[in-house]
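In what follows, every chain begins at residue 1, and chains take the letters A, B, ... in the order their sequences are listed.
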Amino acid sequence: MVKIKPSLSVKLGPLTLKNPVVTASGTFGYGEEYSKYFDLSLLGGITTKGLSLKPMQGNPPPRLCETPSGMLNAIGLQNVGVDDFIKRKLPFLAGFDTKVIANIFGNTVEEYEAVTARLDRAKGVHAIEVNISCPNVKKGGMAFGTDLEATYDVIRAVRNATSLPVIAKLSPNVTDIVPFADRAAHAGADALSLINTLLGMAIDIKNRKPRIANITGGLSGPAIRPVAVRIVWQVYRAVGLPIIGMGGIMNAEDAIEFMLAGATAVAAGTASFVNPLAPVEIIAGIERYMIENGIDHAHHLIGQVQA
Amino acid sequence: MIARIRKNEELLEGYFIVDIEAEGIGLRKAGRPAVPGQFYMLKAGPSTDPLLRRPLSLHRKLSDDSVRFLYRRAGRGTALLSRLIPGDEIDVLGPLGNGFPMPAGIKHALIVGGGIGIAPLMALADYISDERKDISAAAFIGGRSREYVLGADEFSRKGIETFTATEDGSLGKKGFITHILDEYIHEHKHKGTGGWAIYSCGPHPMLISVAAMAKKYGIKNYTSMESNMACGIGACMGCVIGVLDREHGSSVYKKVCDDGPVFDADDIVW
């Protein structure tokens, strides 16, 4: 058999990625930090830190702590705001040959709509990822993502405010995620990001205080991977939208597991904190796996778990 | 980068020095040396538990290819590190962060450290005594008891006038090192403190007290801060502290990893 270079390109609905690996929102800043470590053009896509209508200060420290094979964070969506992003951060990202996925959130449906409208007009944004699943802010975020009608309303509003592909990032902090995925699909989402962090808590038994100031935070890292794989598989079987799978992906083996469960693309998140080169190592590892297993196209991995 | 352990020794119960080697580990971009006050993110072993790297500040630059850290075994990450032996590999990112500023006009550096806080200050003392003959220095080192006053002998050997204090009086004056610092400044201030700067690192209450004293005497105070970090390179926003934004008269969150770890103490929202 002649070994040819496999095609890593995947299609997330209308959005084509040169390879299935993107960065998870909130773990890659606006790209600048990691550009010192590798060529961002190697990535399938870059998902930005969440953007709001106005800049946000975020939560008081301490904001994070380590937990078994994971970490809890309550950053609180600190960000520069959509206007500053477009003016100061986007031109830098636009210089790379990769897809820029702008992650957005708001306190109201109208804010989601307004942020989307601004990004829709900006040059260099390729898709909107709608965060309705942040566990660390009082309003907005998860409050939308754990209510079926609010999920529909937000995604619908964003859908109507842009012609860019719309990706709904859903919360795992619900009993059954499938109806939420279904509502997002009906509202016009082109793809789903699964999953955001799991709500968690850790206590310092010496001083009897919560380890992070927000008391509760979002759990990420390898500790949540089986939960994320299960959710991707459930949604893949039940809902027809392409999925960006994420949750504790540290290497190519983990990424392939998500694709077999039904993910079209995968996101490296916490992995980038530990190893800035994780996303590019995952791309190389997926390609190696495809060559070794005679898989000529990344699409042929999606949902191929023999269950 | 992958570095190798050359030496990893327990100085006293729970306190270690580790020397690691890798090509260019003591250098920043463009071949310039790492700056005192900068730090590295270390990971001992590929396990996901513990998951994150541990930040350690540069204790001594031994050569362009070798650096030393002083660390306390505080949790599982540093416990793993403490078990590495010469020849073992360790995954290292760095040098990172800004380092201690040394603006033009500084003539006299007051180095104030408590306990393990001496770690980055030794690199500063090395720099001043090796490369800045134009700057004089005095050191103020505190600890719980005699054995926890780290590095005082080394400071003296460099010809830096060194004062010590312990909580139990087993070495130097009994009490807090900040009292000695206060006496020292009080005694010398008639000769003028223009061109003086205080460099501090140590327990939070000590830093607060030093910052207040610096303000009282009108002396610049640069302090190296600590925080839980995930990435160490400015991406996660997890390690922030409150810092005064003088332009807008409000406080903002700044990242200890890449806005710091050294801050003007007068800007910190203690």
A/Met250 side chain near B/Leu51 side chain, heavy-atom distance below 4.5 Å
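Side chain of A/Met250 against side chain of B/Leu51, heavy atoms only: contact under 4.5 Å found.
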
Any side-chain heavy atom of B/Cys236 within less than 4.5 Å of one from A/Leu64?
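Result yes, sub-4.5 Å side-chain heavy-atom pair found.
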
If you draw a 6.0 Å radius around [atom1] in [X], do more than 12 non-hydrogen atoms from other residues or ligands fall strictly inside?
X        : atom1 : answer
B/Tyr15  : OH    : yes
B/Lys254 : NZ    : no
B/Glu23  : CD    : no
A/Arg208 : CZ    : no

Where is the tightest heavy-atom contact between A/Ile75 and B/Gly238, given as atom of each residue plus distance?
CD1-CA, 3.5 Å

Going from NZ on B/Lys43 to CG on A/Asn275, what distance comes out if it is rounded to the nearest 0.5 angstrom?
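With rounding to 0.5 Å, NZ (B/Lys43) is 10.0 Å from CG (A/Asn275).
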
Could you give the distance from CG (B/Asn228) to CD (A/Glu66), rounded to the nearest 0.5 Å?
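Answer rounded to 0.5 Å: 9.0 Å.
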
Can you tell which part of [X] gets under 4.5 Å to a heavy atom of chain B, answering side chain, backbone, both or neither?
X        : answer
A/Thr27  : backbone
A/Tyr30  : neither
A/Ser272 : neither
A/Pro68  : both

Taking side chain as everything from C-beta outward and backbone as N, CA, C, O, which of these in B/Ser251 sits under 4.5 Å from a heavy atom of chain A? Side chain, backbone, both or neither.
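Interface part for B/Ser251: backbone (N, CA, C, O).
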
Portion of B/Met229 that has a non-hydrogen atom of chain A nearer than 4.5 angstrom:
backbone

I'd like to know which of [options] tops the heavy-atom pair count under 4.5 Å against chain B.
options                             : result
A/Pro60, A/Gly29, A/Gly31           : A/Pro60
A/Gly26, A/Cys65, A/Gly70, A/Gly221 : A/Gly70
A/Met71, A/Glu33, A/Arg63           : A/Arg63

So which residues of residues 50-59 of chain A are in contact with chain B at a heavy-atom cut-off of under 4.5 Å?
A/Gln57, A/Gly58, A/Asn59

